[in-house]
Amino acid sequence: MSGRLDRWERLLERQMAAAPYVLLVTSTVLSLLTDGRSWVMLGLAAFAAAWIWLVPRGVVYVAGLVVLIGALYTQGVWFAGFFGFTGYLHSWQYLKGKWRFAGVTATAAICVAAYTGGLPDPTPSGILTYLFLTVVIVAGVSLFSFVGEITAERSAERKQMVTQLEATMSENAGLHAQLLVQAREAGVLDERQRMAAEIHDTLAQGLTGIITQLQAAQRTEDWRRHVDNAVRLARESLAEARRSVHAVGPGQLEAAPLHEALRGVVTQWGELNGVRADFTATGTVRPMHPEVEETLLRTAQEALANAAKHAGASRVGLTLSYMEDVVTLDVRDDGAGFDPERVRDGGGFGLTSMRKRVSRLAGTLEIESEPGAGTAISASVPAVARD
């Protein structure tokens with residue numbers, strides 16, 4: 001639509017530029033047909049064409065044009081009837097303020113004189129008639145010219161608005177492309193962080209357990225049991241790694257509800273590490289959103305892994321509490337403990353992973369510990385029920 005309007009505007013500009021020559025040629029041909037050949041008329045017409053073509057636009061140009069219209073009118077009335085319109089158009093187009101009305105009035109006076117057969121009779125009625133016709137023509141030309149000027153200004157405003165809109169759209173396109181790049185980079189980073197957390201929670205913990213079992217097999221005659229445990233851990237870690245690659249939840253949660261899955265994790269951990277491990281579930285047990293259950297399960301696994309690697313505990317207790325608005329997981333041990341101030345900003349990757357998982361669900365993770373007094377970890381997340 002905009003392209004078609006632009007083509008029409010360019011066509012109108014060309015037609016307006018050619019209009020004076022067309023009107024001059026038309027007036028000349030009609031005068032030749034009705035009044036016969038006149039070298040004076042032809043010379044004035046040629047001079048008028050040269051004037052329009054060569055003289056810069058302004059007051060001098062319009063004044064000379066009006067004079068030429070008057071001179072040509074003496075050679076043929078057709079010049080007032082056709083070429084006279086050029087005086088109206090160019091007076092309004094190339095003059096400013098009151099000079100516009102002066103140019104239009106002078107042209108109208110010449111044309112009215114041509115239409116009425118000459119200057120008016122020196123009588124009140126003749127003079128009034130002449131003035132009335134002149135005023136009517138000036139008023140009509142001024143009105144239509146003013147309307148055309150308003151339309152042109154509106155068109156210029158619309159063109160400017162279209163230009164600004166195109167610039168804005170171009171800028172928005174650039175911003176959109178930039179946002180897509182940033183979103184892709186953010187997605188890649190999130191996926192890397194997810195895979196890092198999954199590898200830590202599955203492969204790293206599994207490999208740690210395997211190493212522990214193999215070391216225990218070297219120190220005891222009952223090596224077969226430890227080797228069997230290591231093989232089982234390797235298979236479970238491989239299965240969990242495959243599930244992590246495909247962004248599938250933990251296998252424990254597919255086989256049992258959260259509290260049963262946690263009970264199995266605690267029992268297995270106690271058997272592998274030879275540590276007393278107790279699990280308790282309180283409140284009304286109900287299915288939670290898969291992300292809530294996975295977050296609590298992974299938090300429990302990381303807390304137990306840390307207890308096995310660093311605490312040297314003789315007893316570990318895990319409590320899952322279902323409340324009205326939140327679900328809380330508490331993991332306590334009587335091990336070596338540590339100074340929480342040293343890990344206040346996140347600590348190792350395991351604690352950082354736990355914090356990120358819980359924070360992603362708008363939950364909270366609290367750690368209480370003291371050297372020689374054990375450790376207590378509490379994770380609280382919103383109780384979002386399963387659909």
Side-chain angles (χ1 to χ4, degrees), residues 187 190-191 193-206 209 232-233 235-272 276-308 316-333 350-368 376-387:
D190 288 344
E191 182 62 16
Q193 292 177 346
R194 184 190 72 83
M195 289 301 300
E198 292 293 339
I199 290 173
H200 177 272
D201 293 342
T202 56
L203 290 180
Q205 292 181 8
R232 178 167 56 83
L233 285 173
R235 289 174 178 171
E236 292 177 354
S237 299
L238 179 60
E240 287 298 312
R242 289 172 176 170
R243 298 176 68 85
S244 298
V245 169
H246 295 91
V248 180
Q252 296 96 327
L253 294 177
E254 283 195 352
L258 175 62
H259 66 287
E260 293 295 339
L262 286 175
R263 189 184 303 278
V265 168
V266 172
T267 301
Q268 181 180 342
W269 181 88
E271 293 175 354
L272 290 175
R276 178 182 173 182
D278 301 319
F279 172 78
T280 304
T282 64
T284 303
V285 176
R286 56 192 186 277
M288 294 287 107
H289 190 279
E291 289 192 20
V292 173
E293 294 187 347
E294 180 178 352
T295 296
L296 294 174
L297 178 67
R298 294 303 190 197
T299 300
Q301 290 175 326
E302 178 60 29
L304 292 173
N306 287 340
V316 174
L318 190 149
T319 302
L320 178 66
S321 303
Y322 288 89
M323 289 174 272
E324 183 177 355
D325 298 326
V326 296
V327 181
T328 300
L329 176 70
D330 297 300
V331 183
R332 304 167 306 283
D333 67 67
L351 292 178
T352 302
S353 177
M354 281 196 293
R355 291 186 187 279
K356 287 184 176 180
R357 285 184 181 276
V358 174
S359 298
R360 192 180 300 127
L361 299 182
T364 58
L365 181 71
E366 297 179 358
I367 301 175
E368 296 181 3
I377 296 176
S378 178
S380 180
V381 294
V384 182
R386 186 186 299 268
D387 293 338

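Just so you know, these numbers come straight off a predicted model, no measurement behind them.
- For the residue pair Ala277 and Gly270, the shortest heavy atom distance occurs at CB-CA, 4.1 Å.
- Atom OG1 of Thr295 and atom CG of Leu361 lie 4.0 Å apart (nearest 0.5 Å).
- Closest of all the heavy-atom pairs between Ala379 and Leu296 is O-CD2, 4.4 Å.
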Donor-acceptor pairs are to be reported for all side-chain atoms of residues 284-291 against protein atoms at under 3.5 Å, with residues two or more places apart or in another chain.
residue: Arg286; atom: NH1; partner: Thr284; partner atom: O; Å: 3.1
residue: Arg286; atom: NH2; partner: Met323; partner atom: O; Å: 2.5
residue: His289; atom: ND1; partner: Glu291; partner atom: N; Å: 3.1

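- The list of salt bridge (charged side-chain N to carboxylate O under 4.0 Å, His left out) pairs with a residue in residues 316-326, not counting sequence neighbours, is empty.
- A heavy-atom distance below 4.5 Å is found between the side chains of Met354 and Ile377.
- Residues that satisfy the side-chain hydrogen bond (donor to acceptor under 3.5 Å, both in side chains) test with Thr267, not counting sequence neighbours, are absent from this structure.
- Proximity of Trp269 to Leu318: side-chain heavy atoms (C-beta onward) are nowhere separated by under 4.5 Å.
- Under the rule for a side chain to side chain contact (heavy atoms under 4.5 Å, CB included), the partners of Thr364 that lie at least two apart in sequence or sit in another chain are Ser380.
- With sequence neighbours excluded, the residues that form a side-chain hydrogen bond (donor to acceptor under 3.5 Å, both in side chains) with Ser378 are Asp330.
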How far apart are the C-alpha atoms of Thr282 and Ser321, what are their side-chain angles, what is the distance that settles it, and do they pass the side chain to side chain donor-acceptor pair (under 3.5 Å) test?
CA-CA 5 Å; Thr282 64; Ser321 303; 3.1 Å; yes
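- If you take OH on Tyr322 and OG1 on Thr328, they are separated by 11.0 Å, rounding to the nearest 0.5 Å.
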Tell me which donor-acceptor pairs under 3.5 Å the side chains of residues 259-266 have, and how far apart each pair is, sequence neighbours excluded?
none

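- When all heavy atoms of Leu365 and Arg355 are compared, the closest pair comes out as CD2-CG, 3.5 Å.
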